[in-house]
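The structure presented is a predicted model; accordingly, all values stated were derived computationally and were not measured. Every chain is numbered from 1, with letters handed out A, B, ... down the list of sequences.
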2 protein chains.
Amino acid sequence: MHVEKESGSTLSLGRNLTVGLLDHLGKAIVVGYYDNKVFPTEAVLAEQYNVSRSVTREAVKMLTAKGLLIARPRQGTVIQPTLQWNLLDKDVLRWLLERKFSLRLLRQFTELRVSVEPKAAELAAQNASYEDLQRMKLAFERMVRADGGDGDPTLADIDFHISILFASGNPFYYQFQELIRTALKTSIQFTTRINQATPNLEAHENIMKAIFDRDPKRAYAAMHLIVNDVLLVIHAQEEADKREL
Amino acid sequence: MHVEKESGSTLSLGRNLTVGLLDHLGKAIVVGYYDNKVFPTEAVLAEQYNVSRSVTREAVKMLTAKGLLIARPRQGTVIQPTLQWNLLDKDVLRWLLERKFSLRLLRQFTELRVSVEPKAAELAAQNASYEDLQRMKLAFERMVRADGGDGDPTLADIDFHISILFASGNPFYYQFQELIRTALKTSIQFTTRINQATPNLEAHENIMKAIFDRDPKRAYAAMHLIVNDVLLVIHAQEEADKREL
DNA sequence: TTTATCTTATTTATAATACAATATGAAGGA
DNA sequence: TCCTTCATATTGTATTATAAATAAGATAAA
């Protein structure tokens, strides 16, 4: 990451300076640009990016709110240890992916998916409202059409999985929306080379049927089958990569 | 020039005005104070809380970063739908609890724990380093001492559960630290009336043994047993409450 | 020497003010 | 009716000044 200094070559931060700076700094922190540097003071940041101190402070406050920074008088602004970062935050997640593709990161996403999604399906079988079920059905039909060449299969797949989070009736499950979105989008980057590119329609239909039948255990098992399969593929690839060394 | 203000009308925001305002507004939003009101403009907020616009804007930006607000020129600042809130954020979680005690909320916490903790234990059995194991052991010994009257049993219990998240080797699992902390602290508020106040030592020891034995399936099962038990107790109480109406 | 206290300098925290950009809705004209 | 224009409210950005906090160094006391 390269930071221009002269006022003439203004670093493009988009139309909203605060949000632009937030994004730029967030990415720089997450990809490790500051790893063996001290994080700049407000004054220096403002000068480097050619923005006012107000903008700088607001961006820093937002990064503080996401757990990436901490600021104290005289001590300056410093980067928090990774454990403090709000990894499930939409922005932080995006910045994580701006690093080079990492099978390890994809595996970690998927391990969490194996934790979360089967139980979400189980809860959905217990709690889904009529509207929830309709949304699921629509998403599935979209998957079928996409499978026939009409539309993007990944986007339809994402919608289907998210509709189940929503149907769980527990708002905490909905928090994994971004993680799942990110995981599925990242998956195709490598899964196409190894596995089938399109999602397994029959397996997905089994989940939906179980939820429609109000059968929690079957819904859990059907979802577990799908996500755990992805995990196994990733494990196999990790082993293969290891042997290649 | 610092203007002294009448002490009577000043709302106490603590030593740090921005953080104080963040906390006050966050709580107000989460408890529903603004539910049928329009959220005030920056100017009004600044006047109401007797702080500068800088402070107001910084607090609003932090709430924006946590998904609670969105601001646009001329349109004002508005509260985001609950689904957008970063519910796993430490602050948001705390604000959620500042509402009256809710068995429903505790159940939702616990449903997520059932999703997350068993798999974390499974991964810990696979990945825990020597240091991770030592930390777990120390936490367990602290639980034993607390059981004998020396120390706080809940705090020791919390440490034990968190040491397992940490030992999973997957940083995403560590994100649930605050949720588990909150859930366990909240649990005793009602669990003491119904169940045993102190955690089940033997069941916890089983988890630790399985992880030391590097037995993922046993670790998963042992953890599932504990957390699912909590969930069942909550379910029973919810049913009892329903009948009481 | 060691400890405690005071001083200084650096950085964030807060305030106040001015103007720019943006989006809403009303007014006016074709 | 529809389009354009303009007034207006609200956030966005810049600038400057001062306060508060604290780390580190200097000084004094034991």
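Residue A:T41 is in sugar-phosphate contact alone, with no base atom involved, counting any heavy-atom pair closer than 4.0 Å across all strands shown.
Atom-to-atom, CG of B:N50 to C1' of C:dT14 comes out at 12 Å; the value is rounded to the nearest Å. Atom CG in A:L21 sits roughly 15 Å away from atom C1' in D:dA14 (whole-Å rounding). Atom CZ of B:R57 is separated from atom P of D:dA14 by 11 Å (rounded to the nearest Å). Look at CD on B:Q75: it is 20 Å from P on D:dT8, rounded to the nearest Å. Atom CG of A:L17 is separated from atom P of C:dT22 by 11 Å (rounded to the nearest Å). Between the CD atom of A:E47 and the P atom of C:dT11 there is a distance of 13 Å, rounded to whole Å. A:Y49 places its OH atom 19 Å from the C1' atom of D:dA14, with the value rounded to the nearest Å. Rounding to whole angstrom units, CD of residue A:E42 and C1' of D:dA20 are separated by 14 Å.
At a cut-off of 3.5 Å, with distance as the only test, no side-chain donor of B:T154 or B:D157 sits close to an acceptor on the other residue.
Residues passing the side chain to side chain contact (heavy atoms under 4.5 Å, CB included) test with B:Q75, sequence neighbours excluded: B:R72.
Looking at heavy atoms from C-beta onward, A:L112 lies in side-chain contact with B:F176 at the 4.5 angstrom threshold.
Residue-to-nucleotide contacts include no donor-acceptor pair under 3.5 Å from the side chain of B:T18 to the base of C:dA13. Put simply, the side chain of B:R74 and the base of C:dT24 share a donor and an acceptor less than 3.5 Å apart. In terms of polar N and O atoms assigned as donor or acceptor, the side chain of B:R72 never comes within less than 3.5 Å of the base of D:dT10 in a complementary pairing. For a distance-only test at 3.5 Å, the side chain of A:R53 qualifies as a donor-acceptor partner of the base of C:dA13. Residue side chain B:S52 does not reach the base of C:dA16 through any donor-acceptor N/O pair under 3.5 Å, judged by distance alone.
A residue-by-residue look at A:P73 and B:S54 shows that A:P73 has its nearest nucleotide of DNA chain C further toward the 5' end. Across the interface with DNA chain D, nearest-nucleotide mapping of A:V51 and B:R15 shows A:V51 to be the residue nearer the 5′ end. Comparing A:A43 and B:V55 against DNA chain C, the residue whose closest nucleotide sits nearer the 5' end is A:A43.
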Show me the donor-acceptor pairs, under 3.5 Å and distance only, between side chains in residues 136-143 of chain B and residues at least two apart or in other chains.
unit_1 : atom_1 : unit_2 : atom_2 : d
B:R142 : NH1    : B:D159 : OD2    : 2.5

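For A:N16, a side-chain nitrogen or oxygen approaches OP1 or OP2 of D:dT13 to under 4.0 Å. A close approach under 4.0 Å does not occur between any side-chain nitrogen or oxygen of A:K61 and OP1 or OP2 of C:dT12.
Annotation: the span from A:T82 atom OG1 to A:L68 atom CG amounts to 8.5 Å, rounded to 0.5 Å.
Of the listed nucleotides (C:dT14, C:dA23, D:dA14), C:dT14 has the atom at the smallest distance from the side chain of B:E58.
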